[in-house]
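Remarks on the structure that follows.
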Amino acid sequence: MKGFLDYVPGNSVFHKMNPVTKLVFAFVVCVGCFACGNLLVLCGLLVFNVILGCICGIPKRTYSLLKGLTKIALMLFIIQILVIRTGDVIVIRDIPLQWKFIKITDKGAYNAACLVFRLSCGTLPLAIMLSVTKLGDLSNALVEKCGIPFKYAFTLTTAIRFIPVFATEMAGIIEAQTSRGIELDTKNPFKKIALILPLCAPLLVSSVRKTQSLAIAADLRGFKYRKAGSCLKKYPFKLRDMAAFVVGLCVVVLGIMFH
């Protein structure tokens with residue numbers, strides 16, 4: 001999932017939308033997904049997200065996001081079915097005697113599946129919308145349309161922009177440690193965490209240096225004098241933005257209906 005928030009140029013209808021519309025659309029779709037409690041509807045919303053990624057012209061990135069979310073979702077699914085004990089116990093034949101204490105219920109399996117689909121359906125819209133939005137346009141639109149002070153909008157977009165930068169930095173640190181003979185590709189998750197935790201120190205030092213450089217560069221360019229009227233580009237709402245609001249509202253209503 002390296003660089004999964006980088007902007008992907010394109011000419012789709014979502015590329016042309018107002019950045020605020022795309023942010024609100026992703027938020028309301030996420031709300032609709034988490035409000036829904038019907039597994040079939042959640043499956044349909046997942047298909048809707050995949051179609052959304054294809055319309056935006058980023059099918060490969062959408063599939064890679066799904067692949068990354070599947071690993072997290074599988075872990076959460078296992079935890080949920082082991083923790084939830086309410087409901088009828090699902091009988092598994094030929095289970096070894098030492099594993100008889102594990103009880104998997106139908107309610108636990110259903111709730112775990114709903115959680116997995118909610119996580120996937122609620123995460124994909126924001127990642128897709130950020131992939132087709134220039135962060136500079138997003139910060140300017142937040143200032144112009146929402147009246148947010150520029151320093152707060154700039155802080156939000158800078159934090160998003162630095163996520164792939166720090167991921168790349170961490171990958172470089174891991175490669176450097178691997179070249180020195182440290183086996184970071186171990187299959188033991190606890191051992192891997194113990195090996196990766198010390199690498200957070202050089203990542204933190206690198207992050208502080210990048211932050212200081214960014215602060216100096218912004219100060220030299222008159223950051224503190226930036227106001228709402230400083231941006232020459234305008235971001236009007238058009239018919240496609242209204243259509244996106246309607247679709248997002250329909251998803252929320254659908255999720256509440258099947259809560």
Side-chain angles (χ1 to χ4, degrees), residues 1 4-5 12-14 17-93 95 99 101-133 160 239-259:
M1 298 177 66
F4 68 99
L5 290 180
S12 68
V13 63
F14 284 96
M17 280 184 186
N18 190 298
V20 176
T21 301
K22 289 183 270 190
L23 193 63
V24 174
F25 175 78
F27 176 74
V28 295
V29 171
C30 179
V31 171
C33 293
F34 277 96
C36 182
N38 188 291
L39 190 57
L40 292 177
V41 177
L42 287 171
C43 292
L45 290 174
L46 184 62
V47 175
F48 168 76
N49 285 323
V50 174
I51 295 174
L52 187 66
C54 295
I55 293 174
C56 293
I58 52 171
K60 291 183 179 180
R61 177 169 294 189
T62 304
Y63 297 145
S64 65
L65 285 168
L66 269 176
K67 184 179 178 181
L69 286 171
T70 301
K71 300 176 182 178
I72 303 174
L74 182 61
M75 181 181 65
L76 291 176
F77 181 82
I78 295 173
I79 294 174
Q80 285 289 310
I81 61 175
L82 294 178
V83 170
I84 299 177
R85 296 300 185 103
T86 57
D88 298 328
V89 178
I90 300 175
V91 180
I92 303 177
R93 297 178 179 273
I95 186 172
W99 298 103
F101 67 93
I102 297 178
K103 293 182 180 180
I104 301 177
T105 63
D106 55 350
K107 187 175 181 180
Y110 186 84
N111 290 340
C114 287
L115 175 66
V116 166
F117 279 97
R118 282 172 180 165
L119 174 66
S120 302
C121 297
T123 305
L124 280 175
L126 182 59
I128 293 173
M129 291 298 105
L130 289 176
S131 298
V132 297
T133 306
I160 297 173
L239 184 61
R240 53 177 172 260
D241 299 298
M242 299 299 107
F245 283 131
V246 172
V247 172
L249 184 61
C250 291
V251 172
V252 174
V253 172
L254 184 66
I256 294 175
M257 287 176 58
F258 291 93
H259 179 65

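Atoms considered below: every heavy atom in the structure, side chains included; atoms not considered: hydrogens, waters and symmetry mates.
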Over 12 foreign heavy atoms within 6.0 Å of CZ, F245:
yes
Would you say [X] and [Y] make side-chain contact, with heavy atoms under 4.5 Å?
| X | Y | answer |
| --- | --- | --- |
| V50 | L66 | yes |
| L130 | I160 | yes |
| V29 | L126 | no |
| F48 | V247 | yes |
| L46 | L124 | yes |
| F117 | C43 | yes |

Once you round to the nearest 0.5 Å, how far does [atom1] of [X] lie from [atom2] of [Y]?
| X | Y | atom1 | atom2 | answer |
| --- | --- | --- | --- | --- |
| L254 | L42 | CG | CG | 9.5 Å |
| L69 | S64 | CG | OG | 9.5 Å |
| S120 | N49 | OG | CG | 9.0 Å |
| L119 | I72 | CG | CD1 | 6.5 Å |
| K22 | I128 | NZ | CD1 | 12.5 Å |
| T70 | F77 | OG1 | CZ | 13.0 Å |

Shortest non-hydrogen contact from [X] to [Y]?
| X | Y | value |
| --- | --- | --- |
| A244 | T21 | CB-CG2, 3.8 Å |
| C30 | G122 | SG-O, 3.4 Å |
| R118 | C33 | CG-O, 3.5 Å |
| R240 | M17 | O-CE, 3.5 Å |
| C56 | V132 | CB-CG1, 3.8 Å |

Between the main-chain N or O of [Y] and the side-chain N or O of [X], is there a donor-acceptor pair closer than 3.5 Å?
| X | Y | answer |
| --- | --- | --- |
| Y110 | L39 | yes |
| D241 | N18 | yes |
| T133 | M129 | yes |

Show your reasoning for whether side chain to side chain contact (heavy atoms under 4.5 Å, CB included) applies to F14 and S131.
CA-CA 10 Å; F14 284 96; S131 298; over 6 Å; no
May I have the step-by-step check of side chain to side chain contact (heavy atoms under 4.5 Å, CB included) for F258 and V253, ending in yes or no?
CA-CA 9 Å; F258 291 93; V253 172; over 6 Å; no
Could you walk me through whether N111 and L115 pass side chain to side chain contact (heavy atoms under 4.5 Å, CB included), step by step?
CA-CA 6 Å; N111 290 340; L115 175 66; over 6 Å; no
